[in-house]
Chemist: 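Would you mind keeping the following structure in view while I ask a few things?
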Amino acid sequence: MNKCIFLDRDGVLNEDRTDYVYRVEDFIIPDGVVEGLRRLKEAGYMLIVITNQAGIAKGLYTRDDVMRCHTYLQEKCGHLIDDIYYSPHHPDYTTRSLTRKPESLMLEKAIAKYNIDVSQSWMIGDALRDMLAGRRVGVKTVHVTHASADQAAGDCIADNLLNASACVLASS
């Protein structure tokens with residue numbers, strides 16, 4: 001079985017914005033992201049992006065825009081990421097979907113496809129919905145946040161992906 005790091009995108013792999021990130025020129029990769037991904041990959045983890053992309057349902061951008069940003073991220077990190085799953089749904093615009101976090105269908109699909117051992121796997125995200133989705137499938141969680149420890153929702157708290165990777169590796 002494989003061990004995996006499930007990664008939220010906006011706020012973890014790239015800087016989040018008040019509006020949506022769907023253009024490569026707005027896709028800013030924070031310091032430490034590439035190094036964090038590299039450390040996790042070297043430790044034997046698969047890396048799979050799990051992201052809500054409600055802007056598709058809202059008609060703000062397309063699936064191709066999401067994939068252009070993903071391709072850009074892959075180029076910048078040396079193609080370390082194994083796969084991406086995204087939910088194009090929003091309950092107010094299209095339909096309710098079990099793929100949309102905090103539901104866990106995207107993770108469940110990846111677990112089945114890649115034979116992932118949930119007992120050795122983690123979800124790294126910046127929102128409560130990421131922690132909830134991870135818990136639903138039984139993986140440990142890292143909450144990337146600047147909130148105080150008593151406000152953190154994960155098994156571990158970190159202020160960026162590099163520090164999140166250190167938390168995962170210290171627990172391995």
Side-chain angles (χ1 to χ4, degrees), residues 1-17 21 27-53 66-67 69-87 99-172:
M1 295 189 83
N2 295 303
K3 58 184 183 177
C4 182
I5 305 295
F6 297 105
L7 299 147
D8 177 48
R9 195 190 83 169
D10 301 327
V12 175
L13 297 174
N14 60 282
E15 288 183 10
D16 205 357
R17 298 167 45 124
V21 179
F27 198 93
I28 299 167
I29 302 168
D31 291 340
V33 166
V34 175
E35 180 63 24
L37 293 173
R38 187 176 303 114
R39 288 180 183 182
L40 293 165
K41 184 58 93 172
E42 288 171 356
Y45 287 95
M46 292 189 72
L47 303 174
I48 298 178
V49 177
I50 304 289
T51 180
N52 289 346
Q53 292 297 318
V66 172
M67 293 312 297
C69 288
H70 183 68
T71 298
Y72 175 76
L73 174 63
Q74 284 282 58
E75 290 168 357
K76 294 298 181 185
C77 74
H79 299 275
L80 293 171
I81 297 169
D82 294 291
D83 208 342
I84 180 174
Y85 288 76
Y86 63 91
S87 178
T99 60
R100 185 172 167 77
K101 295 177 290 180
E103 301 301 333
S104 59
L105 189 55
M106 287 189 287
L107 286 93
E108 292 169 32
K109 286 181 174 187
I111 289 165
K113 180 178 181 180
Y114 292 107
N115 195 29
I116 292 170
D117 181 352
V118 295
S119 71
Q120 295 187 66
S121 299
W122 295 75
M123 174 75 204
I124 300 175
D126 68 330
L128 178 59
R129 66 180 166 262
D130 303 316
M131 305 303 102
L132 293 172
R135 285 192 191 115
R136 283 193 164 110
V137 297
V139 300
K140 294 175 281 302
T141 58
V142 181
H143 190 179
V144 175
T145 181
H146 295 285
S148 64
D150 62 328
Q151 296 173 315
D155 296 308
C156 184
I157 181 174
D159 60 351
N160 59 43
L161 182 62
L162 184 58
N163 291 332
S165 71
C167 174
V168 168
L169 297 174
S171 299
S172 298

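Numbers here simply count residues along the sequence, with the first being 1.
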Chemist: After noting the C-alpha distance and the side-chain angles of V168 and V142, does the key distance pass the side chain to side chain contact (heavy atoms under 4.5 Å, CB included) rule?
Modeler: CA-CA 8 Å; V168 168; V142 181; 4.0 Å; yes

Chemist: Considering non-hydrogen atoms only, spot the tightest contact between I84 and M67 and give its length.
Modeler: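 That would be CG2-CE, 3.9 Å.
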
Chemist: Under the side-chain hydrogen bond (donor to acceptor under 3.5 Å, both in side chains) test, which residues partner S104, sequence neighbours left out?
Modeler: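 Partners of S104 by the side-chain hydrogen bond (donor to acceptor under 3.5 Å, both in side chains) criterion, ordered by chain and then number, come out as E108.
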
Chemist: Using salt bridge (Lys or Arg N to Asp or Glu O under 4.0 Å) as the criterion, list what pairs up with D83, not counting sequence neighbours.
Modeler: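 Checked D83 against salt bridge (Lys or Arg N to Asp or Glu O under 4.0 Å); matches are K113.
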
Chemist: With sequence neighbours left out, write down each residue that passes side chain to side chain contact (heavy atoms under 4.5 Å, CB included) with N160, or none if nothing qualifies.
Modeler: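 By the side chain to side chain contact (heavy atoms under 4.5 Å, CB included) rule, N160 matches L162, N163.
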
Chemist: Can you measure from CG (L128) to CZ (R135) and round to the nearest 0.5 angstrom?
Modeler: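 L128 atom CG to R135 atom CZ measures 7.5 Å (nearest 0.5 Å).
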
Chemist: For C167, give me all partners under disulfide bond (SG atoms under 2.5 Å apart), at least two apart in sequence or on another chain.
Modeler: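 With sequence neighbours excluded, C167 shows a disulfide bond (SG atoms under 2.5 Å apart) to C156, given in chain and number order.
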
Chemist: Evaluate the criterion side chain to side chain contact (heavy atoms under 4.5 Å, CB included) for residue pair L40 and W122; output intermediate values, then yes/no.
Modeler: CA-CA 11 Å; L40 293 165; W122 295 75; over 6 Å; no

Chemist: Would you say that I81 contacts H70 through its side chain, given a criterion of any heavy-atom pair below 4.5 Å between the two side chains?
Modeler: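 They are in side-chain contact.
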
Chemist: Could you list all the salt bridge (charged side-chain N to carboxylate O under 4.0 Å, His left out) pairs where at least one residue sits in residues 38-52, not counting sequence neighbours?
Modeler: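 Pairs touching residues 38-52 that pass the test: E35-R38, E35-R39, K41-D82.
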
Chemist: Using side chain to side chain contact (heavy atoms under 4.5 Å, CB included) as the criterion, list what pairs up with D155, not counting sequence neighbours.
Modeler: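 Checked D155 against side chain to side chain contact (heavy atoms under 4.5 Å, CB included); matches are K140, T141.
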
Chemist: So do the side chains of I28 and R17 get within less than 4.5 Å of each other, counting heavy atoms only?
Modeler: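 No, their side chains stay 4.5 Å or more apart.
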
Chemist: Once you round to the nearest 0.5 Å, how far does CD1 of I5 lie from CD of Q120?
Modeler: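 One gets 10.5 Å once the value is rounded to the nearest 0.5 Å.
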
Chemist: Within this structure, what is the SG-CD1 distance for the pair C4 and I111, rounded to the nearest 0.5 Å?
Modeler: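 CD1 of I111 is found 8.0 Å from SG of C4.
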
Chemist: For Y114, is there any backbone N or O sitting under 3.5 Å from a side-chain donor or acceptor partner on N2?
Modeler: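 Indeed, once roles are kept as given, a pair shorter than 3.5 Å links the two residues.
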
Chemist: If I compare all heavy atoms of A153 with all of M131, which pair ends up nearest, and what's the gap?
Modeler: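 So the minimum-distance heavy-atom pair works out to CB-CG, 3.7 Å.
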
Chemist: Looking only at heavy atoms, which two atoms of T99 and S87 are closest? And how far apart?
Modeler: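 In this case the closest contact between T99 and S87 is OG1-OG, 2.8 Å.
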
Chemist: Could you give the distance from SG (C69) to CG (N14), rounded to the nearest 0.5 Å?
Modeler: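 C69 atom SG to N14 atom CG measures 7.5 Å (nearest 0.5 Å).
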
Chemist: Taking side chain to side chain contact (heavy atoms under 4.5 Å, CB included) as the definition, give me every residue that meets it alongside V33, ordered by chain and number, with sequence neighbours left out.
Modeler: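 In terms of side chain to side chain contact (heavy atoms under 4.5 Å, CB included), with neighbours along the sequence ignored, V33 is linked to L13, I29, P30, L37, L161.
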
Chemist: Begin with the C-alpha distance, continue with both residues' side-chain angles, and end with the deciding distance and a verdict on side chain to side chain contact (heavy atoms under 4.5 Å, CB included) for T51 and M106.
Modeler: CA-CA 9 Å; T51 180; M106 287 189 287; over 6 Å; no

Chemist: With rounding to the nearest 0.5 angstrom, report the CG to CE distance, L132 to M123.
Modeler: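 Answer rounded to 0.5 Å: 10.5 Å.
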
Chemist: Between I116 and I48, does a side chain to side chain contact (heavy atoms under 4.5 Å, CB included) hold up when you go through it step by step?
Modeler: CA-CA 11 Å; I116 292 170; I48 298 178; 4.0 Å; yes

Chemist: To the nearest 0.5 Å, how far apart are CG in D126 and CG in L7?
Modeler: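 One gets 11.5 Å once the value is rounded to the nearest 0.5 Å.
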
Chemist: Taking only residues two or more places apart in sequence or in another chain, which ones pass side-chain hydrogen bond (donor to acceptor under 3.5 Å, both in side chains) with E103?
Modeler: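 Checked E103 against side-chain hydrogen bond (donor to acceptor under 3.5 Å, both in side chains); zero matches.
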
Chemist: Under the side chain to side chain contact (heavy atoms under 4.5 Å, CB included) rule, collect the residues that match up with R129, sequence neighbours excluded.
Modeler: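 Per chain and number, R129 pairs via side chain to side chain contact (heavy atoms under 4.5 Å, CB included) with N52, K101, P102, A127.
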
Chemist: Using a 6.0 Å cut-off, check whether atom CG of N115 has over 12 heavy atoms from anything other than its own residue.
Modeler: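 Above 12, so yes.
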
